[in-house]
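Input: a single structure, listed below in structure tokens.
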Amino acid sequence: MKKVTLLMSGIMVMSCAPQQKKPVYPETAKVDTVDVYFGTQVPDPYRWLENDTSAATTAWVEAQNKVTNEYLSQIPFRENLLKRLTELADYEKISAPVKKHGKYYFSKNDGLQNQSVFYVQDSLDGEPRVFLDPNKLSDDGTVALTGLYFSHDGKYTAYTISRSGSDWSEIYVMDTESGKLLEDHIEWAKFTDAAWQGDGFYYSAYDAPTKGKEFSNVNENHKIYYHKIGEPQSKDKLIYQNPAYPKRFYTSGTSEDERILFLTESGAGRGNNLFIRDLKKPASPFIQLTTDLDYQYYPIEVIGDRIYIYTNYAAPKNRIMVADINHPKLEDWKELVPESEAVLSNAEVIGGKLFLTYDKDASNHAYVYDLDGKQLQEIELPSLGSVGFSGNKDDKECFFGFTSFTIPGATYKYDMDKNSYELYRAPKVQFNSDDFVTEQVFFPSKDGVKIPMFLTYKKDLKKDGKNPVFLYGYGGFGISLNPGFSSNRIPFLENGGIYAQVNLRGGSEYGEDWHVAGTKMQKQNVFDDFISAAEYLISQKYTDKDKIAIVGGSNGGLLVGACMTQRPDLFRVAIPQVGVMDMLRYHKFTIGWNWASDYGTSEDSKEMFEYLRGYSPLHNLKPGTKYPATLVTTADHDDRVVPAHSFKFAATLQADNDGTNPTLIRIDSKAGHGAGKPMAKVLEEQADIYGFIMYNLGMKPKF
């Protein structure tokens, strides 16, 4: 098993604000629903919008989309923007090759394909042939391939798919050599791999949900099953469940020699518990190795009797420890690579060596260690950016992918004996990266803590206080924002814009302490960091308050919602995407309960309720306020952050806004939280978002 980082991308100033007929919003009915929290009454007048399958909600969605589409269609450069975005996206996107059973597998998108295609070749210079084409799984590209899992003998390949962006997974199995699809089909799986043992695999699933509530009801009782090839799902063997904790996740993995079955338990803290079972001993029990769900424990590899484990146990910036299979409990683990000043962000075993990735001020640095924990060498990466390695534990052949804000993902072949690498594949994008520069700045937040921020812009930019800014952040769940490329940003940059990416507290850029400093009763730090970023850019003459657009998705949507309600005067445009906007009820839908480790819940205590209510975007909108021009985005199949969050926020914002700036909501169909969205939908959405931003910042792009 390997730790997987789950992982979510001429303008000239006009002399006057854009002129367009003010939108006439649909009237949204109110109800008398009132909740009581610790003696405090809290009205929820748009509660009916939580019923996402009702006829009334469907009619409301259609009416809102009509108003939004009408507004967006009148942006004079919108079609040319879409054309430029499409042109920029039309380049080959190829992953680093993965070697399995003597053959090489990689994904490739020719440019504008809705989904990337997986290929196989017998040698690195062999002729690639299609292994699996997800574009053939649907007519409109809304079925996405989310994982490929080869059996350890190479005979079978299981793959997981998602339909219309949902978190629900289906598992299929094919004969690896012939590509023939077998009859095996698993439904209602979620947050799962296919962990092979013999002629079958372990997977995680829920009981089938109530019809009509598949995308909104709370998910409970995650279970692990074993599926034997050739048998129906109804005969799958239940391997593990824990009815005592229905709101936890249980996932599995197997070692390459199929000796060890790993089980992870998560969802009730900031980390996970780790269990193992010896598969060579029939009916052996699971052994629990750890007991604290606030620490992370991820198996990297099993070599002989040693389990290499990535963990932040007693090491906020992470370290590598080793467990003995015969004495596997935490108290017997040995430290292999100790915690350092930089944050250990990833670890792999390739060619009998440890490849460790560290974050230094949010940029990746790579090192090679031997299996006894001795550092051998640093890999000098091409520039400031992000890296990901590919290779097998017993094979010295190694590749890595590298990207930065101005460099699309390129693949390099690494020679570990010579500590050198050569370019293997590089895409060609229709823009000149030499015209742009990235700098990193550090600014003080409200409490004096220094916060890093990356700024990317054209080299000839003048700090005259008039530059448009796309200010992006996330700030939660220990997720780091490292440098990365997106062709969608290029038209904004080409026309004089600045892309600003802030490394807020709540992420893990500086380890677990940085994460915790942006959680629960310290969540306001995240919003203060983001607000301070805008104030810094203004003070340093990069821009002014009428030229800043703030953007974020999911937890980043919460960020945008909180900042635009706390400081509506500071931003010209706000784009809260698939955001968590109702902080009092978020835990009542699908897997929302899993976010309590970062947020706390309104049921925890009177103090926690009051703190959440104090920043909840939905509950801090005030009638008659001049809010930024706002485009809320969500999708009908988002079962991660249910669309009710965005529905209720948009309805309240339309009622409370003073009418100066537009308040729109864009509701996508046959789409979810974002992952797996077909290219055609991505481009349309980005044209709408960037068009809305550029138009309302008073930009006059040259396309």
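- N135 and D133 are linked by a side-chain donor-acceptor pair at a separation below 3.5 angstrom, with hydrogens and angles left out of the test.
- Between F131 and F118, a ring centre-to-centre spacing not shorter than 6.0 Å is recorded.
- For the pair S383 and I407, the minimum side-chain heavy-atom distance is below 4.5 Å.
- No side-chain donor-acceptor contact under 3.5 Å links E183 and Y172.
- Open room surrounds CD on E177; 12 or fewer heavy atoms of other groups in view lie less than 6.0 Å from it.
- Using modelled atom types and a 3.5 Å distance limit, the side chains of N272 and T264 yield no donor-acceptor pair.
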Worksheet item: Can you check salt bridge (charged side-chain N to carboxylate O under 4.0 Å, His left out) on E301 and R306, steps first, answer last?
Response: CA-CA 8 Å; E301 197 63 81; R306 304 177 95 192; over 6 Å; no

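- Using a 4.0 Å cut-off between charged nitrogen and carboxylate oxygen, K108 and E92 count as a salt-bridge pair.
- Judged purely by atom type and a 3.5 angstrom limit, T160 uses its side chain to pair as donor or acceptor with the backbone of G147.
- Each of F400, F402, Y421 was scored for a ring-ring contact (aromatic ring centres under 6.0 Å, His included) with F389, with one residue passing: F400.
- The shortest side-chain heavy-atom distance between L145 and Q115 does not fall under the 4.5 Å cut-off.
- With hydrogens and angles ignored, the 3.5 Å screen pairs no side-chain donor or acceptor of Y203 with any backbone N or O of S252.
- Looking at heavy atoms from C-beta onward, S390 lies out of side-chain contact with P97 at the 4.5 angstrom threshold.
- For the pair R640/I591, a side-chain contact is recorded, criterion being any heavy-atom separation below 4.5 Å from C-beta on.
- Of all heavy-atom pairs spanning I171 and T192, the tightest one is CD1-CG2, 4.4 Å.
- The main-chain N or O of R259 is found under 3.5 Å from a side-chain atom of D257 such that the two form a donor-acceptor pair.
- The aromatic rings of W196 and F201 sit perpendicular, their planes meeting at an angle over 60°, well past the 30° parallel limit.
- Expressed to the nearest 0.5 Å, how far CD of E79 lies from CG of L82 amounts to 6.0 Å.
- Side-chain atoms of N109 come within 3.5 Å of backbone N or O of G111 as a donor-acceptor pair.
- Electrostatic pairing of D415 and K396 does not count as a salt bridge here, judged by no charged N lying under 4.0 Å from a carboxylate O.
- There is no side-chain donor-acceptor pair under 3.5 Å between Y474 and N555.
- Salt bridge annotation for K99-D395: present, with a cationic side-chain nitrogen under 4.0 angstrom from a carboxylate oxygen.
- Between V343 and Y358 there is no side-chain heavy-atom pair separated by less than 4.5 Å.
- When Y250, Y206, Y240 are each tested for a ring-ring contact (aromatic ring centres under 6.0 Å, His included) with H222, only one passes: Y206.
- Using modelled atom types, one finds a donor on one side chain and an acceptor on the other under 3.5 Å when comparing E170 with H185.
- At least one donor-acceptor pair closer than 3.5 Å links the side chain of S404 to the backbone N or O of T406.
- Between I490 and V429, the closest heavy-atom pair is CD1-CG1, 4.3 Å.
- Although no hydrogens or angles enter the test, the distance criterion places a donor-acceptor pair under 3.5 Å between the side chain of S95 and the main chain of S107.
- Looking at every heavy atom in both residues, F454 comes nearest to P483 through CZ-CG, 4.0 Å.
- A cation-pi contact, defined as under 6.0 Å to the ring centre and within 45° of the axis, links R489 to Y499.
- Checked by atom type, the side-chain pair Y369/Q375 shows a donor-acceptor distance below 3.5 Å.
- Side-chain atoms of D153 and S151 include a donor-acceptor pair closer than 3.5 Å.
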Worksheet item: V349 and L371: side-chain contact (heavy atoms from CB on, under 4.5 Å), yes or no, with the steps?
Response: CA-CA 8 Å; V349 175; L371 293 180; 4.2 Å; yes

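- Listed here is the closest heavy atom pair of E397 and I350: O-CG2, 4.0 Å.
- No side-chain donor from either of T146 and S162 sits under 3.5 Å from a side-chain acceptor of the other.
- Side chain of Q501 to backbone of N482: a donor-acceptor contact under 3.5 angstrom is found.
- Ion pair D140/K681 not flagged as a salt bridge, since none of the NZ, NE, NH1 or NH2 atoms sits closer than 4.0 Å to an Asp/Glu carboxylate oxygen.
- Comment: D184 does not engage K228 in a salt bridge, judged by the lack of any side-chain N to carboxylate O separation of less than 4.0 angstrom.
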Discussion item. Run R129 and D122 through side-chain contact (heavy atoms from CB on, under 4.5 Å) and show every step you take.
Written reply: CA-CA 9 Å; R129 56 189 182 276; D122 296 326; 3.0 Å; yes

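- With sequence neighbours left out, the side-chain contact (heavy atoms from CB on, under 4.5 Å) criterion links E380 to E378.
- A ring-centre distance under 6.0 Å is found for Y105 and F150.
- In this structure, P128 and F106 approach most closely via the heavy-atom pair CB-CZ, 3.9 Å.
- Under the 4.5 Å side-chain criterion, counting only non-hydrogen atoms from C-beta, R666 is not in contact with T634.
- Heavy-atom contacts from other residues, nucleotides or ligands closer than 6.0 Å to CG of N432 number more than 12.
- The pair E348-K393 does not count as a salt bridge, with every side-chain nitrogen at least 4.0 angstrom from each carboxylate oxygen.
- In plain terms, the two heavy atoms of V120 and K103 that are nearest each other are CG2-CB, 4.0 Å.
- Note that K93 lies in the cation-pi zone of Y91, set by a 6.0 Å cut-off to the ring centre and a 45° limit from the axis.
- With sequence neighbours excluded, the residues that form a side-chain contact (heavy atoms from CB on, under 4.5 Å) with L423 are A410, Y412, A426.
- For the pair L85/P491, a side-chain contact is recorded, criterion being any heavy-atom separation below 4.5 Å from C-beta on.
- Around the NZ atom of K100, the shell of radius 6.0 Å holds no more than 12 heavy atoms that belong to other residues, nucleotides or ligands.
- In this structure, I325 and V302 have side chains that are in contact, with non-hydrogen atoms separated by less than 4.5 Å.
- Remark: side-chain polar atoms of Y226 are paired, donor with acceptor, to backbone N or O of Q197 under 3.5 angstrom.
- Here the side chain of E127 pairs no donor or acceptor atom with the backbone of Q121 at under 3.5 angstrom.
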Discussion item. Under the criterion side-chain contact (heavy atoms from CB on, under 4.5 Å), I'd like the reasoning laid out for N346 against Y298: C-alpha separation, chi angles, the key distance, then a yes or no.
Written reply: CA-CA 10 Å; N346 203 8; Y298 294 114; over 6 Å; no

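- Proximity of a side-chain donor or acceptor of E258 to a complementary backbone N or O of G198 within less than 3.5 Å is detected.
- With hydrogens and angles left out, the side-chain atoms of T438 and T456 include a donor and acceptor closer than 3.5 Å.
- Ring-plane geometry between F470 and F492 is classed as perpendicular, the angle between the planes exceeding 60 degrees on a 0 to 90 degree scale with a lower cut at 30.
- In this structure, the separation between CG on L137 and CG on L132 is 6.5 Å, given to the nearest 0.5 Å.
- Salt-bridge check for E494 with R84: passed, with a basic side-chain N closer than 4.0 Å to an acidic carboxylate O.
- In this structure, CG on L683 lies 12.0 Å from CD on E87, to the nearest 0.5 angstrom.
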